[in-house]
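Report on the following structure.
Scope of the values below: all heavy atoms of this structure, side chains included, with no hydrogens, waters or symmetry mates. If you're wondering where the values come from, they're calculated on a predicted model, not measured in any experiment.
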2 protein chains.
Amino acid sequence: MTTDSQQDKFRRKALQVPDAQGRILPYARRLPAETVALPDAQGRILAERVTAPHPYPHFRRSGMDGFAILSRDTQGCGANRPALLEVVDEIPCGSLPSVPLAPGTAARIMTGAKVPDEADAVVMFEMTETIRQDGKTYIRLIREIDPGKNITPVGLELAAGEVILEPGRKVGAGEISVLATFGIDRVPVVRKPRIAVFSTGSELLAISEPLQDGRIRNSNAYMLASQIKDAGAEPFMLEAIPDDLELARQRVRAAFADYDAVITTGGVSVGDFDIMADLVSGGEVEMLFNKVTMRPGSVTTAAVKDGNLLFALSGNPGACFVGFELFVRPAIGRMLGVLQPFLPEMTAELGRPYKKINNFTRFVRGRLEAREGKLYAYPAELDESGVMITIKDSDALIVIPPSGEAREAGEMVTVLKLPGASL
Amino acid sequence: MTTDSQQDKFRRKALQVPDAQGRILPYARRLPAETVALPDAQGRILAERVTAPHPYPHFRRSGMDGFAILSRDTQGCGANRPALLEVVDEIPCGSLPSVPLAPGTAARIMTGAKVPDEADAVVMFEMTETIRQDGKTYIRLIREIDPGKNITPVGLELAAGEVILEPGRKVGAGEISVLATFGIDRVPVVRKPRIAVFSTGSELLAISEPLQDGRIRNSNAYMLASQIKDAGAEPFMLEAIPDDLELARQRVRAAFADYDAVITTGGVSVGDFDIMADLVSGGEVEMLFNKVTMRPGSVTTAAVKDGNLLFALSGNPGACFVGFELFVRPAIGRMLGVLQPFLPEMTAELGRPYKKINNFTRFVRGRLEAREGKLYAYPAELDESGVMITIKDSDALIVIPPSGEAREAGEMVTVLKLPGASL
């Protein structure tokens, strides 16, 4: 008669989440730059610092439709002593003044047009009265106008050489506006990380296959592909790996040659059929960690082969989702050179009690709400690791540190905001 | 001698923002559905309700690696009176039990595998001790196990026929996970609205042209294209319209035939060269409004031709940006069938004073911050309508209603969260 110790066969040493994250990041090296056309830069990460090639605005710009004037011509004027200025020019946007502006004259000018060099103020159209006399046009003014009025000076927004955008910044509408303004129509962005996704497990059906008893469809690969895209990388869904160690080893080895990182889902539990755990423990790759003090996803594993990262995520949908957000997303962010690659962290008030007790930190899927300037977090009713349905309704992961006591509504909790949260 | 009244030549009647929005939405009709492959559904809007074709899970699923047992076999057991069960089967994921489970026996089972019909509990691997004797394998248990333990019942997450997703929902990782789980590999989504973008104004340089005095690059068209994409529609940047009324009329007329909506930027001020204002007042289109009690962008104009929307946005970058977010984004959202097409509205505490006074509601670009469960809004230093540089640093539009008094730090304000906000 023999007795097994029945302990975890891989003798896992559990790391705290930040320690596990810290072991990954040194291997997530920034990828090289590539150049794309401005419209294609949307959602990409800037690879280089961009500085202003010229001041902005680059000419003295009228902020109003009205008349460019010499402000001293209005000195001392009032209702009983109006100033009368002859209109000698008309300057639409994009045109240049056609005559120098002499004292006692004005130029009709449009919003955004270049103010004549001699003028030092623009008076609003509505503050003037137009008088036509002897084939000439005059404006009548009954208020003093301050020098500089309604003129945007050269370089008000940016001086030449000033930094416009720093590398690591995501390009959105505001960045595109700035880049277009400065004529930057080819944009240096970081190449998208190419991420391979393997599912493991003979239980997996292709999503188009009819259902079979005891088997499930391979939904995690699709979910991960979506998360990868959202993180700014390019997913490659590879053939699912069956429960065969040698085959798994070959396929993963081949993937390392072609992709910047490899994710597997499934096969990291403590069962006898855990291919990925065998693979990692077999010396094929260098293990970074194979257990994390978190729920769901405590058996999340990360390893390195020739400097490239392998993430072996749980096959449970909820644990797979959380494992990606806590470990893979930051790694992709670092490959892209993003400055803050982690999920944004904030504090919120727990909107309802959370009764589950655990010796590991829980990352509970939940909803965020903002009411009267305050943030509230509502844990999902079903947040077991195997539960898939509440992923779509989650704005955030609510962080519940280990404690022997239930958390009550009204307590403050840390939340990690998920991408796509409505809040 | 003649005297002009010098009033707004289009006799505009200003609408409040919600009234102006209300005039647009009836013309923003939902577009037809199209079917895309599941991975391509990301970011798209669901066109139809999706219900569960089968319960989920569809078999009794083990939540643990361990042993499927009959719980009554553990009744009364304890440290001094262990239960000994013979292991008669091994059930990996995706496999079915090979023998019925008789009293006094157990089946080794993996997380996610189908629990034998006769079993009513799964005991964790770590809670057992394995004993091998006479070529047979037994497990030894010293604790009573409750019926149902570690078994996920059929339909726990969803019953057959239950609604999974409602139309109008944006597809993200969670939705993709659910759709894949139910084998829905072709997804009905709403066709993307095709939106034409015209810039108007002879002052505009193409972004690749060298700078010229008095002229600016056509940055608004690129910014709008980015905003359109972000709103879920497809932008088409058309040739910029020069300041020629007849040409403008022809081009806009042609665009209405090919696109779901038309946006112009520039030419809606009160100047003499305001093509769009002339176009709208000329009866070519039916005017919905041509002035809104807002800053920036008070001369934002909307019109309808043959049931299709025309938005004539300001040429000022800040006003153009805000005009899109307040009027065009909700219209695109409605065309997509999105249930809440407006920018998310919340309350925040003003993080610093806002001194500008206005008789119109101001939509001030600003940053949001969350600290200790509270939301703070910081107005940008430069938020004039002509200012472009602060658009990229904005998380939100801070709503400052008309008032004769400055707003102090600590006051509560309404904010409209912009897409892509880091918060």
Side-chain donor or acceptor of Lys374(B) paired with backbone N/O of Ala348(A) under 3.5 Å: no

Interchain contact, Ile389(A) with chain B, by part (heavy-atom threshold 4.5 Å): both

Nearest-0.5 Å distance, CZ of residue Arg217(A) to CZ of residue Phe182(B): 8.5 Å

Heavy-atom pair count under 4.5 Å with chain B, highest-scoring of Ile216(A), Leu38(A), Val415(A): Leu38(A)

Test item: Glu349(B) side-chain N/O and Gly373(A) main-chain N/O as donor-acceptor pair under 3.5 Å: no

Spacing of CD1 belonging to Ile184(B) relative to OG belonging to Ser208(A), to within rounding of 0.5 Å: 13.0 Å

Residue among Ile164(A), Ile176(A), Thr152(A), Thr181(A) with most heavy-atom pairs under 4.5 Å to chain B: Thr181(A)

Exam field: side chain Glu372(A) to backbone Thr347(B), donor-acceptor pair closer than 3.5 Å: no

Exam field: side chain Lys229(B) to backbone Pro39(A), donor-acceptor pair closer than 3.5 Å: yes

OG-CZ distance between Ser95(A) and Arg215(B), expressed to the nearest 0.5 angstrom: 8.5 Å

Selection from Gly183(A), Gly214(A), Gly174(A) maximising heavy-atom pairs under 4.5 Å formed with chain B: Gly214(A)

Salt-bridge criterion met for Asp393(A) and Arg169(B) (N-O under 4.0 Å): yes

Engaged part of Leu165(B) at the chain A interface, taking heavy atoms whose separation is under 4.5 Å: side chain

Residue pair Asp185(B) / Tyr222(A), side-chain heavy-atom distance below 4.5 Å: no

Between Glu209(B), Lys114(B), Gln340(B), the one whose heavy-atom pairs under 4.5 Å with chain A are most numerous: Lys114(B)

Min side-chain heavy-atom separation Met223(B)-Val178(A) under 4.5 Å: no

Short side-chain donor-acceptor distance under 3.5 Å, Ser226(B) and Gln42(A): yes

Smallest separation among heavy atoms of Asp213(A) and His58(B), with atom names: CA-NE2, 4.5 Å

Contacting region of Leu211(A) [heavy-atom separation from chain B under 4.5 Å]: side chain

Chain B contact via Leu179(A) - side chain, backbone, both or neither, heavy atoms under 4.5 Å: neither

Winner by heavy-atom pair count (cut-off under 4.5 Å) against chain A, out of Gly63(B), Gly43(B), Ala173(B): Ala173(B)

Atom group of Gln212(A) that falls short of 4.5 Å from chain B, counting heavy atoms: backbone

